Amino acid sequence: METNNTEARKIILSGIQPSGKLTLGSYLGAIKNWVRLSDNYDCYFMMADMHAITVRQEPATLRKTVLEQIAEYIACGLDPDSCALFIQSQVPAHAELSWVLSCYTMFGELSRMTQFKDKSTKHTENINAGLFTYPALMAADILLYQADLVPVGDDQKQHVEICRDIAQRFNGVYGDTFKIPEPFIPKVGARIMSLQEPTMKMSKSDTTAGGCVYLLDSPDELMRAFKRAVTDSDTEIRYDPAEKPGVSNLMQIYSSVTDKSFPEIEAEFAGKGYGAFKSTVGEAVVETLRPIREKTEELFANKDYLAEIYRAGAQKAGYAANKTLRKVYKRVGFVQ
Ligand code: ATP
Ligand code: LTN
C-alpha cells in the first residue's frame, strides 16, 4: 500500500450502502467517476454498512453484499494498492465522530432531507432515529478524511451540502478543523431513471420488475430489460427529459457508456425506430458490464484476497480518520 508522496495530493472519499446489488445507476452516477479520478487523488472508498442498517437488513445477506461490493469496486477498475477500500463499521472513528457531529446538526435541517422523507414514507413501520440522523454519520465519513471532493450521484448532493454546513458550523465555533468538501457530480449519468418508470430514480431497493439493471446481470437479463424499457408512443429519438423521459434516460445511459454527445446520438438514430435504438443501448451496456461481471465473479471466489484488501483498507483509513478524531476531541474539550 502506498505510504509516501501523498501529502500534497487532494483527497476523495465516497461510499455506497450495501443495501442490495449495485445498479447501473450506482456505476454511472458514482463508481465510474471514482475510477476516473483515482489516479490523481488520494482515495478512500467504503462500503457504508452502518448506513445500510437504517433500513432492516438480513444479516447473512448484508455480509455477502459487503464482500460482493468490494469485489465489484475492484472489478470496476479501482486499484486496491493505491485506494483504501474499507468497510465503514471496521473504522470506529466513523461512529465516534458521528456522535459529536450530531450535536452540531439541527433538527430542522435534518427534517428537510429528501432521502429521509422518501425512506420514512416507504418504511412507515421503521422510522428509526438512525434514518433521521443519517446525514451526521455521512458528514463524519467525509470530514474524517479531510476530503476535498465527494463523487456522488445527484441524489446525494443534499447530503454533501449539509455536511458542508455542519463543518462550517464546527469550524466557526472551534477554528479550522475540517476541510470543506465539494460534491463532484457527473454531467451525464447523475440521475439514471428506472427503465419501467422513467420519472423515478433507478434504485437498488426498487422492486418493480425490469426497472433496475444490476452490474452482475447476465447479457440476456440486460438485453431483456432494455428491450422492454418504457419509451413513448412517438417514434423520434430526441433528448427532452420533460416530454420524453424514457427515451432521454436511454440516451443518458448510451451517452454515458459510449461518450457520444446527445446530438451525435440523435443523428445516429434519425429515422430508425425505438426497437433498434433500445437494442443498441442494451448491447453497449452489455459490453461495458461484461468485464466487470467476469472480474467480480473471479474475485468473489477468493475470500482471503478480499479480506486482505479490506483489512489493509481499514488500517489505512483508520490512521487518517483517527488523526482528525483526536483533533476534534481536543477542540471540544474531551480530556486527552
Ligand atoms: P438505496 O435504494 O439502498 O437507497 P440507491 O440505489 O438509491 O440505494 P446507492 O447505490 O446507495 O443508491 O448510491 C450509491 C451512489 O450511486 C451514490 O453516489 C448515488 O448518488 C449514486 N446513484 C444511485 N442511484 C443512482 C442513479 N439512479 N443515477 C445516478 N447515480 C445514482
Ligand atoms: N448516503 C450515500 C452513501 C454514503 C456516502 C457517504 C456517499 C454514505 N456515506 C459518504 C458519499 C460520502 C447513499 O445513500 N448512496
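In this chain, numbering begins with 1 at the start of the sequence shown. FYI, side chains are in, hydrogens and waters are out, and symmetry mates aren't considered; it's all heavy atoms of this structure. When a ligand or atom number is given, it counts from 1 through the structure's own listing order. Small disclaimer: the values here were computed from a predicted structure and weren't measured.
The pair Asp206-Lys122 fails the salt-bridge criterion, with no side-chain N (NZ, NE, NH1 or NH2) lying under 4.0 Å from an Asp/Glu carboxylate O. Ion pairing between Glu68 and Lys21 fails under the 4.0 Å rule for side-chain N and carboxylate O. Ion pair Lys179/Asp148 flagged as a salt bridge, since at least one NZ, NE, NH1 or NH2 atom sits closer than 4.0 Å to an Asp/Glu carboxylate oxygen. At a threshold of 4.0 Å, the pair Lys201-Asp155 counts as salt-bridged, since one of the basic side-chain nitrogens sits closer than that to a carboxylate oxygen. Using a cutoff of 4.0 Å between basic side-chain nitrogens and carboxylate oxygens, Arg290 and Glu287 are scored as salt-bridged.
For ligand 1, the protein residues within 4.0 angstrom (heavy atoms only) are Ile16, Gln17, Ser19, Gly25, Ser26, Gly29, Ala30, Lys119, Val152, Gly153, Asp155, Gln156, Gly189, Ala190, Arg191, Ile192, Lys201, Met202, Ser203, Lys204, Ser205. Contact residues for ligand 2 (protein heavy atom closer than 4.0 angstrom to any ligand atom): Leu13, Ser14, Gly15, Gln17, Met46, Ala48, His51, Gln115, Tyr134, Met138, Asp141, Ile142, Val150, Val152, Gln156.
More than 12 heavy atoms of other residues, nucleotides or ligands shown are found within 6.0 angstrom of NZ on Lys204. Atom CD of Glu243 sits in a sparse spot, with 12 or fewer heavy atoms from other residues, nucleotides or ligands closer than 6.0 Å.
In the hydrophobic cluster analysis, where Ile, Leu, Val, Met, Phe, Trp and Tyr join through side-chain heavy atoms closer than 4.5 angstrom, Leu195 is grouped together with Val286.
The distance between the ring centers of Phe116 and His159 does not fall below 6.0 angstrom.
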